[in-house]
Number of protein chains: 2
Amino acid sequence: MAERALPPVVARMWGRETASRHGPRPSLDVAGIVAAAIAIADRDGLEGVKMSSVAAEVGVATMSLYRYVGSKDELLVAMADAAAPEPPALDGRPWRAYLATWTRANRDFLLDRPWLLALTSRTPPAGPRALRWLDRALAALAGTGLGHGERINIATSLTSYAASQATLVHGMTSAAEAAAGDGSIAGLADYGDILGQVLDPAEYPELTAAVRAGGFGAAEEWTDDADFNFGLDLLLDGVEALIARRT
Amino acid sequence: MAERALPPVVARMWGRETASRHGPRPSLDVAGIVAAAIAIADRDGLEGVKMSSVAAEVGVATMSLYRYVGSKDELLVAMADAAAPEPPALDGRPWRAYLATWTRANRDFLLDRPWLLALTSRTPPAGPRALRWLDRALAALAGTGLGHGERINIATSLTSYAASQATLVHGMTSAAEAAAGDGSIAGLADYGDILGQVLDPAEYPELTAAVRAGGFGAAEEWTDDADFNFGLDLLLDGVEALIARRT
DNA sequence: ACCTGAACACCGTTCAAGT
DNA sequence: ACCTGAACACCGTTCAAGT
């Protein structure tokens with residue numbers, strides 16, 4: 001099978017630039033630009049990341065950035081990988097204990113940098129950090145007798161669970177902040193309140209019952225670990241059942 | 001507890017406009033605008049949805065739209081709800097059978113309209129369609145002895161599973177189409193190929209092994225139902241274990 | 001080979017007028 | 001009370017020139 005040329009984004013993420021030989025040395029590198037963009041996103045959110053603001057942050061004219069990144073989209077992809085921390089160390093823990101902390105750590109860094117949530121669906125994981133996370137999850141499942149494909153599937157399910165939980169929690173908490181301004185949805189108390197106003201019990205019988213029973217609970221309950229653990233255990237119980245079936 | 005005024009987006013989605021009394025009748029309504037925007041997104045993707053293109057589609061000046069929707073963002077939120085089909089009918093099926101088709105149907109309409117994937121993380125479900133989906137899932141679990149909060153949690157987990165699967169499949173297939181143009185990632189064969197080029201086996205031992213063993217398989221395997229069912233069963237097994245614990 | 005100023009293209013939104 | 005043309009603001013990207 002012929003080697004396929006690396007897509008430019010991927011090459012840049014892995015530092016596989018073909019270094020140029022002649023002329024002035026470049027005054028910047030991709031890593032510095034990406035770091036500057038991340039700093040801006042942390043401070044001002046993703047809307048603050050403009051080619052002009054990133055250029056200002058590194059002290060260069062806007063157009064100079066195009067020497068290093070092909071487009072803003074490419075920059076965003078690189079940011080998404082670089083902004084993730086290293087995965088937790090395995091340290092010989094049993095698969096279930098490790099995957100639980102792995103998934104929790106995954107959710108936590110998404111909540112630290114909620115702007116990452118808007119970037120996750122852009123591209124399959126191909127950066128060094130994302131692949132290190134994947135590699136560790138596969139390692140944790142190495143002794144279970146599951147196949148490679150199954151292990152990849154499990155890791156993918158856990159990643160997307162972490163992302164969906166982070167999206168949920170972030171949606172609730174950030175909406176609460178914004179609520180002072182315009183009248184968007186302001187956390188779970190309001191959410192239940194709004195549903196109560198809008199729902200026709202005949203058309204939404206179960207949901208109405210849930211709202212009346214306080215099924216949406218207080219906002220703290222959701223940001224709490226309880227719900228996170230609930231769904232996580234659902235998944236890990238499923239994995240455990242699968243392993244048991246295999247042995 | 002005082003009634004809280006409905007956020008404008010929500011009010012508009014539920015048709016709770018305070019109708020105006022005097023002056024000329026409006027020539028448009030929100031539903032028509034939303035339908036036009038959906039038609040454009042189906043045809044040209046989400047980038048094709050501009051205030052100007054939507055206005056052209058309904059045959060009106062761009063600025064007239066602002067009589068009906070507060071902003072483009074608001075329009076997108078309304079689109080996200082209106083673009084979903086009705087949930088499958090329960091028909092007295094047992095919870096597991098129903099939730100399986102429910103989750104599959106959820107994934108399917110996301111794949112029919114992949115532009116929905118970029119809109120899902122915007123706001124908690126508050127539109128008539130999204131809530132109808134939630135209501136039916138709660139109904140399916142009504143006889144299980146689970147609490148309202150637990151049932152909501154399960155429905156949320158399944159929704160996000162459907163979304164993550166759709167994101168994955170869509171990412172793979174659409175990348176394959178775009179691959180002719182620039183060199184982005186072009187389906188799973190390429191994906192494994194690229195990983196193989198980039199991975200240092202010392203740093204990514206398990207991933208390297210998985211790639212060599214063909215753990216990423218052929219692209220068809222992923223779009224196939226096999227992987228979808230795998231993760232779904234993981235979740236439903238977890239639910240089943242929970243129900244068993246309760247009784 | 002790198003950097004940059006000016007300019008272009010695009011698009012969401014405001015405003016002041018029209019009817 | 002509704003519709004609309006002109007205009008503004010913003011931002012990603014191209015290009016041709018500078019060193």
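Order of the sequence lines fixes the chain letters, A, B, ..., with proteins taken first and strands second; residue numbering starts at 1 for each chain. Computed over heavy atoms, backbone and side chain alike; hydrogens, waters and symmetry mates excluded.
- Between A:E47 and A:M63, the residue anchored closer to the 5' end of DNA chain D is A:E47, taking for each the nucleotide with the nearest heavy atom.
- The side chain of A:S64 places an N or O atom within less than 4.0 Å of a non-bridging phosphate oxygen (OP1 or OP2) of C:dT4.
- Nearest nucleotide to the B:V60 side chain, out of D:dG12, D:dT4, C:dG12: D:dT4.
- Between D:dC3 and B:Y68, a contact under 4.0 Å exists linking OP1 or OP2 to a side-chain N or O.
- Side-chain contact between A:P201 and A:R212 is present, with heavy atoms from C-beta onward closer than 4.5 Å.
- The partner of C:dT14, taking Watson-Crick or G-U wobble pairs whose two distances both stay under 3.5 Å, is D:dA6.
- Contact check for B:L110 versus B:Q165: no side-chain heavy atoms found under the 4.5 Å cut-off.
- Set against D:dG5, D:dG12, C:dT13, the side chain of B:A61 has D:dG5 as its closest nucleotide.
- Partner assigned to C:dA1 is D:dT19, using Watson-Crick or G-U wobble distances below 3.5 angstrom.
- Of the candidate nucleotides D:dG12, C:dT13, D:dC3, D:dC3 has the atom nearest to the side chain of B:R67.
- The OH atom of B:Y66 sits 15 Å away from the C1' atom of D:dG5 (whole-angstrom rounding).
- Separating the CG atom of B:D73 from the C1' atom of C:dT13 is a distance of 13 Å, rounded to the nearest angstrom.
- One distance of note links CG of B:L28 with CZ of B:R67; it measures 12.0 Å at 0.5 Å rounding.
- In this structure, CD1 of A:I33 is placed 15 Å from C1' of D:dG12, rounded to the nearest angstrom.
- A straight line from NZ of A:K72 to P of D:dT14 spans 15 Å, rounded to a whole angstrom.
- Side-chain contact check for A:Y68 versus A:V60: every heavy-atom pair is 4.5 Å or farther apart.
- Base contact: B:T62 has a heavy atom under 4.0 Å from a base atom.
- The distance between atom CD of A:E74 and atom C1' of D:dT13, rounded to the nearest whole Å, is 14 Å.
- In this entry the distance linking CG of B:L28 with P of D:dA1 reads 18 Å, nearest Å.
- Rounding to the nearest 0.5 Å places CG of A:L207 at 9.5 Å from CZ of B:R136.
- Taking only side-chain atoms of A:K50, from C-beta outward, the nucleotide of C:dT14, D:dC11, C:dT4 with the closest atom is D:dC11.
- Atom C1' of nucleotide C:dC11 and atom CG of B:L46 are separated by 14 Å, given to the nearest angstrom.
- Straight-line distance from the CG atom of B:L65 to the P atom of C:dT13: 11 Å, rounded to whole Å.
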